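Reviewing the structure listed below.
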Amino acid sequence: MEKNTQAKQPMQSKNTDVLVSGGGIAGPALAHWLTRAGYTVTVVERAPAPRPGGQTVDLRGAGRTVISEMGLMDRARELAVDQRGLMLVDAEGKAAATMAADAFGGEGIVSEIEILRGDLAELLYRATADQVEYLFDDTVTALEQDEDGVSVRFEKAAPRRFALVFGADGTHSAVRSLAFGPEARYLQPLDLYTAWFTVQEDFALDGWFQMYNAPGGLVASARPGRLPGETKVGLSFRSVPLAYDRRDTAAQRELVERRFAGETGWQVPRILRAMHGSDDFFLDSMGQVKLDRASRGRVALVGDAAHCPTPLTGLGTSLALVGGYVLAGELAAAGGNHQAAFHRYDEVMAPYVKQAQELPPGGVNGYAPDRALAIRMRAASMRAMGRWPMRQILAKQFAKAGNIALPEYALA
């Protein structure tokens, strides 16, 4: 991959204490590069510990390059989930179409290297824990900026002062709301909801990520977990924006149950029963974060907080890893001049973000078709993906993960 060299400049600011909000993937990745740029980093995370489990995320293109530069690729490969690829199934569980994991050079719908979100977060946490202060079970509640820094209030910890604050706290970023304004200004919903959870049952998947579509825009999926007998499950449905308590998982399970009521195809009834016994249930809407720029004063955003492309693109992890690398690298290259660094961060990331947020052919309709005919057409399209002209169209889509010339920064 082509790289541009950026020389490291002497640090201009005496205050090198910075705060990163979010301990998932983007936050610890950014923290790694910030410490190499000479900053003293604190990460605050609402969860009481690194979040385990979760669904798989893709290591693709430039995201793989960044993980390699961090020296973590060998371990990431060890933690990768063994999957044969994606299989669309009908109501009887018969294969309607398949795409192997090695299709398109390992950059297809299911990538060659897929790792559970919790495993990747744990890997990044362990790689940074010795050099970074972590504040778990806490969150940012107020920010007050001035010419010299940012005064931060937390839900539990005492107020503190930082030179810079970074929001790496996901689609519903608290830092973005505090520094940029209400979420509704920046989050564009796709009218699609997905529940993810883990079940300790064998669904006889034979190594495949199996997906079932039902009329009405319903999607059920199951894929192998990393541990024996563990299955990662998803239930998606199309809907206009819904009002619900994001912390009331019991009510959310009931919401999903109602949406899938009466659907008996494939393994949906079994999945619904298992959903009530899962301990990592998570429901969220799918949407894209659109910002003119990813900074306000001394506050900057990274990952889904800044550029969420939705899971439909498979590029959220790449954007998080690349964004953290570029943001810290530009701060190092600018010698701590955050205005110049944040401007360059936006410049470097803008083309990559733009293409990453372009949904795959069909968009939401392609993922969750609402009619039986559209479901059959989706399977037919997938069967044609290995042939011209569909192969050329899809190859362009899958190549987006690597379509950025990563600058080569002088990070210690």
Side-chain angles (χ1 to χ4, degrees), residues 20-30 51 53-67 70 76 80-81 86 107-121 123-124 166-173 175-176 183 186-190 192-196 209 221 223 232 234 236 282-291 294 301-327 345 349-360 363-364 366-367 397-404 406:
V20 176
S21 177
I25 293 174
L30 172 61
R51 297 177 188 264
Q55 298 294 303
T56 60
V57 296
D58 307 306
L59 286 183
R60 301 174 180 270
R64 293 188 195 180
T65 301
V66 173
I67 286 290
M70 297 173 76
V81 176
L86 175 66
E107 299 280 3
I109 297 175
V110 172
S111 69
E112 179 187 9
I113 305 177
E114 297 216 2
I115 181 171
L116 295 179
R117 182 193 180 280
D119 286 345
L120 181 56
L123 177 61
L124 293 168
F166 303 97
D169 43 354
T171 306
H172 305 290
S173 169
V175 168
R176 189 184 63 228
E183 178 177 292
Y186 310 106
L187 181 58
Q188 298 182 4
L190 297 182
L192 179 68
Y193 288 78
T194 297
W196 293 276
F209 172 21
S221 64
R223 63 172 69 192
K232 300 293 181 175
S236 300
F282 179 77
L283 173 69
D284 202 2
S285 59
M286 287 195 188
Q288 295 188 325
V289 174
K290 299 291 184 79
L291 295 169
L301 306 174
V302 68
D304 280 353
H307 309 124
C308 180
T310 82
L312 296 183
T313 70
L315 294 174
T317 301
S318 294
L319 282 175
L321 294 171
V322 171
Y325 171 76
V326 171
L327 182 51
Y345 167 58
M349 291 296 295
Y352 193 53
V353 171
K354 181 179 180 181
Q355 63 179 349
Q357 291 191 331
E358 295 172 353
L359 296 178
V364 173
Y367 171 73
Q397 173 71 27
F398 297 137
K400 291 178 180 179
N403 284 350
I404 183 173
L406 286 178

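The first residue of the sequence shown is numbered 1, and numbering continues consecutively from there. Values in this document were obtained by computation on a predicted structure and should not be read as measured data.
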Indicate the atoms forming the closest heavy-atom contact of Val326 with Tyr345, along with that distance. CG1-CD1, 3.9 Å
Please give me the minimum heavy-atom distance between Leu359 and Pro309, naming the atom from each residue. CD2-O, 4.1 Å
Shortest non-hydrogen contact from Gly287 to Cys308? O-SG, 3.4 Å
Rounded to the nearest 0.5 Å, what separates atom CZ in Arg223 from atom OG1 in Thr56? 3.0 Å
Heavy-atom check, side chain of Ile115 versus side chain of Val57, under 4.5 Å: yes
Under 3.5 Å, sequence neighbours excluded: what are the donor-acceptor pairs made by side chains of residues 312-322?
unit_1	atom_1	unit_2	atom_2	d
Thr313	OG1	Thr310	O	3.1
Thr313	OG1	Leu315	N	3.1
Ser318	OG	Arg60	O	3.2

For Lys290, all residues meeting side chain to side chain contact (heavy atoms under 4.5 Å, CB included), sequence neighbours excluded: Gln188, Gln288, Gln357
Can you list everything that forms a ring pair (Phe, Tyr, Trp, His ring centres under 6.0 Å) with Tyr367? Sequence neighbours excluded, please. none
Do side-chain atoms of Arg176 reach the backbone of Thr171 as a donor and acceptor pair under 3.5 angstrom? yes
Side chain of Gln55, backbone of Trp196: donor and acceptor closer than 3.5 Å? no
Taking every heavy atom of Gly324 against every heavy atom of Leu30, the minimum-distance pair comes out as O-CD1, 3.5 Å
Do His172 and Leu187 have side chains that get closer than 4.5 Å, going by heavy atoms? yes
If every non-hydrogen atom of Val289 is compared with every non-hydrogen atom of Ala306, which pair is closest and at what distance? CG1-O, 3.4 Å
Is Val81 close to Asp119 at the side-chain level, that is, under 4.5 Å between some pair of heavy atoms? no
Glu114 CD to Leu59 CG distance, which is reported to the nearest 0.5 Å: 9.0 Å
Can you see which heavy atom on Ala26 is nearest to which on Gly303, and at what distance? CB-CA, 4.0 Å
